[in-house]
There are 2 protein chains.
Amino acid sequence: MTGVPAPEVHSPIQCKAVNDILARVGDKWTMQVVMTLSAGPVRFNALRRGIDGISQRMLTRTLRALERDGLVAREVTPSVPPRVDYSLTPLGRSLRDPVGVLGGWAMANREEIDEARARFDAETD
Amino acid sequence: MTGVPAPEVHSPIQCKAVNDILARVGDKWTMQVVMTLSAGPVRFNALRRGIDGISQRMLTRTLRALERDGLVAREVTPSVPPRVDYSLTPLGRSLRDPVGVLGGWAMANREEIDEARARFDAETD
DNA sequence: CAGGATCCAGCTAGATACTG
DNA sequence: CAGTATCTAGCTGGATCCTG
């Protein structure tokens with residue numbers, strides 16, 4: 001036992017919800033966007049510059065999805081040129097902790113996983 | 001502040017590792033397989049029957065990927081007919097806790113997310 | 001029983017061009 | 001500046017058939 005309540009139970013409804021979140025958060029850009037928004041509101045193009053390799057289309061799509069889920073807020077300032085700021089909602093901020101836990105696990109076990117992969121690939125001619 | 005160490009920092013290397021894990025764990029079947037293996041070793045076809053809707057190909061692929069990452073162990077009993085048991089490695093078991101935390105978040109905020117979606121979809125004619 | 005090999009539909013994400 | 005629209009390559013996952 002390492003601490004947590006120990007799920008053990010395995011209801012399909014629960015797993016569906018969990019997997020939903022995992023899939024949402026596991027896509028290519030979501031976490032990068034959330035992390036970049038962690039510090040405070042950021043404008044569209046600043047966000048784009050801050051996330052290396054993201055296309056404009058993907059940034060738009062990722063932000064829309066996050067907005068739809070209530071994790072990110074979009075504030076438009078109707079000026080010329082237009083200004084749009086994105087920020088994390090309280091719900092969005094609350095996501096950082098659980099993800100941080102998984103992140104901790106990832107960091108702690110990265111080497112072990114890499115070694116396992118190398119071993120597997122070596123044995124698999 | 002809600003408890004956890006507060007990452008705040010945002011190194012690209014760390015995020016890459018985290019996102020890797022999230023992507024691995026966020027795919028369609030991985031968590032279902034891990035959860036089904038939680039109780040103990042399971043044979044291939046038992047696993048298949050236990051996970052509703054999974055195709056043989058996807059089960060094989062998911063198991064191979066988990067085995068490669070060192071999360072699942074594969075034990076072959078060379079009998080006729082052959083018997084293959086899959087089980088979680090210690091590393092695989094250690095993944096359940098962090099995922100459980102995220103799962104807790106998912107369960108706790110499912111309604112809020114659903115409401116946010118409904119609102120967003122309603123406003124988006 | 002436990003897969004490997006093929007084939008194929010659908011979605012994802014990127015590149016590019018255009019707009020209020 | 002902050003998008004939308006369009007087109008397309010590539011990957012994911014499912015169906016089907018075959019084998020030690």
Original post:
Can you pull the salt bridge (charged side-chain N to carboxylate O under 4.0 Å, His left out) pairs that have at least one residue in residues 36-46 of chain A, sequence neighbours excluded?
Top reply: none
Original post:
Does B/R64 make a side-chain N or O approach to OP1 or OP2 of C/dG4 shorter than 4.0 Å?
Top reply: yes
Original post:
When every nucleotide of nucleotides 13-20 of chain C is labelled 5' to 3' by its protein contacts under 4.0 Å (heavy atoms), B for base, S for sugar-phosphate only, - for none, what sequence of letters results?
Top reply: BBB-B--B
Subject >> Euclidean distance, atom CG of residue A/N19 to atom P of D/dG13 [Å, nearest integer] >> reply: 10 Å
**OP:** Provide the full list of salt bridge (charged side-chain N to carboxylate O under 4.0 Å, His left out) pairs with a residue in residues 50-65 of chain B, sequence neighbours left out, each pair given once.
**Re:** B/R64-B/E67
Subject >> Between C1' of D/dA2 and CD of A/E67, the distance in whole Å >> reply: 13 Å
Original post:
What residues form a side-chain hydrogen bond (donor to acceptor under 3.5 Å, both in side chains) with B/R83, not counting sequence neighbours?
Top reply: B/D85
**OP:** Rounded to the nearest angstrom, tell me the gap between atom OH in A/Y86 and atom P in D/dC1.
**Re:** 14 Å
Subject >> Residue pairs passing the side chain to side chain donor-acceptor pair (under 3.5 Å) test where at least one lies in residues 103-115 of chain A, sequence neighbours excluded >> reply: A/W105-B/S94
**OP:** Let me know the distance between CZ of A/R83 and P of D/dA2, rounded to the nearest Å.
**Re:** 8 Å
Original post:
Rounded to whole angstroms, how far apart are CG on B/L47 and P on C/dA2?
Top reply: 10 Å
Original post:
Between B/L59 (CG) and D/dA15 (P), how many Å, whole number?
Top reply: 14 Å
Subject >> Within residues 22-33 of chain A or reaching into it, pairs that qualify as salt bridge (charged side-chain N to carboxylate O under 4.0 Å, His left out) - sequence neighbours excluded >> reply: A/R24-A/D69
Subject >> A/N45 side chain, from C-beta outward: closest of D/dA2, C/dA2, C/dC1 >> reply: D/dA2
Subject >> Whole angstrom value for the distance that separates C1' of D/dT4 from CG of A/L63 >> reply: 15 Å
Original post:
Is B/D20 paired with B/K16 through a side-chain N to carboxylate O contact shorter than 4.0 Å?
Top reply: yes
